[in-house]
Amino acid sequence: MVDGEACGEFSRRGFLRSVAVASATVPLATGAVLAQSAADGHSAHSGRDEGSNTVVGEVDYAKNGFDPHAILTDWDKGAVSTNADGRIVREWTITAVDHEFEVAPGVKFAGWTYNGRVPGPTLRCTEGEWLRIKFQNGSTHPHSMHFHGIHAARMDGVPGAGLVDPGGEFTYEFEAKPFGCHLYHCHAVPLKRHIHKGLYGAFIVDPDPLRHPEARDKAAARLLGSPENARWQELLMVMNGFDTNFDDENEFYAVNSIPFAYFNKPIRIDKTRPVRIYLINITEFDPINSLHLHAHFYDFYDHGTTLDPTNRMIDTIMMCQAQRGILEFSFENHEPGLYMFHAHQSEFAELGWMSHFEVV
Amino acid sequence: MTATRFWLALPLVILTLVVALLLSWRPLDRFTSSAPPVENANVESVRLTGGLISLTLRTDGSEPVIVAQVQVDGAYRTFTATPQTPSAWLGRTRIDIPYPWISGEAHHIALVTGTGVVVNHTIEVAQETPALDGTSLALLAAVGTLLGLVPVAIGLLAWPAMRSISQGGLNFLLALTIGLLVFLLIDTIGEGLEEAAETIGRLRGPVLFWAILALTTLILLALGRRQGRAPEGLALAGFIALGIGLHNLGEGLAVGAALATGSAALATYLVIGFTIHNVTEGIGIAAPLARERPRLVDFIWLAALAGLPAIIGTIIGTQAVSPLWIAVCFAIGAGAIVQVIIEVGALMTRRAGIGQLLSLPVVAGVTVGLAVMYATALLV
Ligand SMILES: [Cu+2]
């Protein structure tokens, strides 16, 4: 019903526009108009196009090689085996590649990436496992993978300990600990440049219920693949920004790289199932970023390293760079509709970090 | 004959070969292969109408400059670009942004191109671009009349008083004319170069400005002397009126632009200032006629020639003209002023001899001319 109304508005506007402007025009993203009119509640009350706060056109995700909607849930569990001691070993191969992609419709960005995507693969494992990350550098610059976790100095992924020259390779090995919502990123210098070009990704360590007998159920709910976890709708959100003209200020802000991606095409949420967001801030240049959820409050687990919330009943969380955490909430008692969430730095919101949940 | 043709053709053939070689071999590519395309873009004009910001963008680069996204006041906005892909070489595109702009406030626009380059433009004071309907045309014409025609006519009224003037007095008046013309020249060059600097690099605005200025002077000098004699009397007055008229065209553009982009209060003071300022111009036009017997109709066309361009300028100025054309107008105006300075100087030299050029009345005249123009310019 909402769709029908919005489509009618779109086609009428589109018609007026094509009459007014004879030659080529940039088509509005259908989703943008849908989202905008539905969100503002102002349906077509005049023939005039009032414009809206979004980008024009659509990003070619196929050509980019990654889709922000897919990134929300594509947990990379790696290859699992068991070693002689009976311990689970989890292995990944990650390659750094220079990759130019469309950061916003029509805008190219010469990125540096892990496996050709920004953010890089979401590495997901369980605490106590032995992790082996084979890192190959297919880029034209030296890079590394620096994990936020607990490991030996020689596995730290900094100059002198796992920094890899172009064409080289290094395997980072350590135990998965502590459980939580973590990240990895390149730690080559200049750090600012290597991070904002796109070398970062999520590193999620699920708690092992056997190690937390006092909170077994809570741990199990976090453990990907467990029956207790199945009802959860888990989403990864990496808050980032892109400086396209190298003036040390971001032109675009987003979660999972593409500005307004979830604004123009909302994230569908089943209201009967709870929501868990793994939220990471890797925004360069700006000291903080934030997530504000409309019409709702959530529990927050700073760094995800506890099984009890560190903040209860909040609707805005502020994070410095590399800070991260887990948000839990449910729309069970809400009526269906579009619920906004965005950075509560209005600047970031209006430059792309603006999103919708479509609760059904 | 054949040999001449051969030697004319040979350099052309070699030049063509060299260009073809550079284009096919592309020896510079190894220096520029990793460089992003060169992109130049310049907002040339802005029109504000109800809920819509329209920009005219001049673009230039090694590849077409495509505006991919548009920010208004730090927020991405929906927009249309016409054409979406302008030509790479001196392209032009219009960006229409539906936006509830706020009258009297500043708006910052950032255009993000396909390579992530950002072109910034600030609308200092947002003001509706006047629609050219009957009412506003009449109003603008009235402003232009006050600005150009009326003051020149007032100045010309001083003519009867000049008739009984002594030779020294006449020299003073002519020198005063030179003084005021020199002031106008400096003013015109300054404004013209300012506009020229706002054009995109490849158009070489300042070079174009000086070339048009010089050409205008040469053409007008040749026209004035086409019968072998320097212009005097009515003809000289006509050329002075033309020079001042072309200058007033530029002044009209400035006032029109102030009406369109600045505040109304500024435009009011501009009109008052220019009106007082321009009375002196009428005196300057009348000066070569002191010993003549012009008819009333002569005064009318002189006033029209000097004053009417202000009306045209005011109307055009409100319509967001590209700085290149304003610079061209100023260049022509400045060229015309140089011509009349030369001719008035020549007239004085013929009448009183070269030695008289540094006499007291002449020096006093130039000084008073400059001083009066400067003083009245303070009102602008
Ligand atoms: Cu790096």
Side-chain angles (χ1 to χ4, degrees), chain A residues 13-14 16-18 20-29 32-33 36 46-57 59 98 100 102-111 140 242-247 249-254 259-260 263-264 345-354, chain B residues 33-41 47-57 63-87 91-101 107-120:
Chain A
R13 281 183 182 174
L16 285 174
R17 186 184 291 271
S18 62
V21 184
S23 50
T25 58
V26 183
L28 278 169
V33 174
Q36 175 71 14
S46 71
R48 203 172 78 191
D49 180 2
E50 285 145 3
S52 54
N53 175 203
T54 185
V55 286
V56 169
V59 168
D98 299 348
E100 186 184 77
E102 199 178 353
V103 71
V107 183
K108 293 278 190 293
F109 183 77
T140 50
F242 293 93
D243 172 18
T244 63
N245 63 348
F246 303 101
D247 62 351
E249 274 186 43
N250 293 310
E251 272 63 47
F252 296 99
Y253 292 87
F260 298 106
F263 177 75
N264 295 339
Q345 284 77 12
S346 308
E347 179 197 358
F348 303 176
E350 295 191 318
L351 292 175
W353 183 171
M354 170 60 77
Chain B
S33 59
S34 67
V38 176
E39 290 187 312
N40 291 312
R47 292 177 65 89
L48 299 174
T49 48
L52 184 72
I53 300 174
S54 292
L55 309 172
T56 307
L57 189 70
E63 275 166 44
V65 178
I66 295 170
V67 174
Q69 300 300 338
V70 171
Q71 288 176 20
V72 182
D73 300 331
Y76 284 101
R77 299 295 303 186
T78 48
F79 70 98
T80 56
T82 324
Q84 216 174 325
T85 309
S87 73
R92 225 167 122 93
T93 184
R94 199 183 79 219
I95 309 289
D96 290 314
I97 315 159
Y99 191 74
W101 55 270
H107 290 291
H108 303 279
I109 296 180
L111 309 171
V112 184
T113 74
T115 59
V117 167
V118 177
V119 180
N120 289 296

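Numbered from 1 within each chain, the chains take letters A, B, ... in sequence-line order. Just so you know, these numbers come straight off a predicted model, no measurement behind them.
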To the nearest 0.5 Å, tell me how far [X] [atom1] sits from [Y] [atom2].
X        : Y         : atom1 : atom2 : result
Thr82(B) : Arg92(B)  : OG1   : CZ    : 12.5 Å
Gln71(B) : His108(B) : CD    : NE2   : 12.0 Å
Thr54(A) : Gln69(B)  : OG1   : CD    : 8.0 Å

| request: Could you tell me whether the side chain of Thr113(B) reaches within less than 4.5 Å of the side chain of Leu111(B), counting heavy atoms only? | output: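 Result no, sub-4.5 Å side-chain heavy-atom pair not found.
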
| At a heavy-atom separation under 4.5 Å, does Thr85(B) approach chain A through its side chain, its backbone, both, or neither? |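 For Thr85(B), no heavy atom lies under 4.5 Å from chain A.
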
| Contact part of Val118(B) toward chain A, heavy-atom cut-off under 4.5 Å: side chain, backbone, both or neither? |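 For Val118(B), backbone and side chain are both near chain A.
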
| Would you say the side-chain atoms of Thr93(B) pair up with the backbone N or O of Leu57(B), donor to acceptor, closer than 3.5 Å? |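 Not at all, since once roles are kept as given, no pair shorter than 3.5 Å links the two residues.
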
| request: Name the region of Glu347(A), side chain, backbone, both or neither, that has any atom closer than 4.5 Å to a heavy atom of chain B. | output: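 Backbone only.
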
| field | Phe242(A), part contacting chain B, at a heavy-atom distance under 4.5 Å | value |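 It is neither, since no heavy atom gets under 4.5 Å.
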
| Between Phe109(A), Phe246(A), Phe252(A), which has the largest tally of heavy atom pairs under 4.5 Å with chain B? |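 Option with the top pair count is Phe252(A).
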
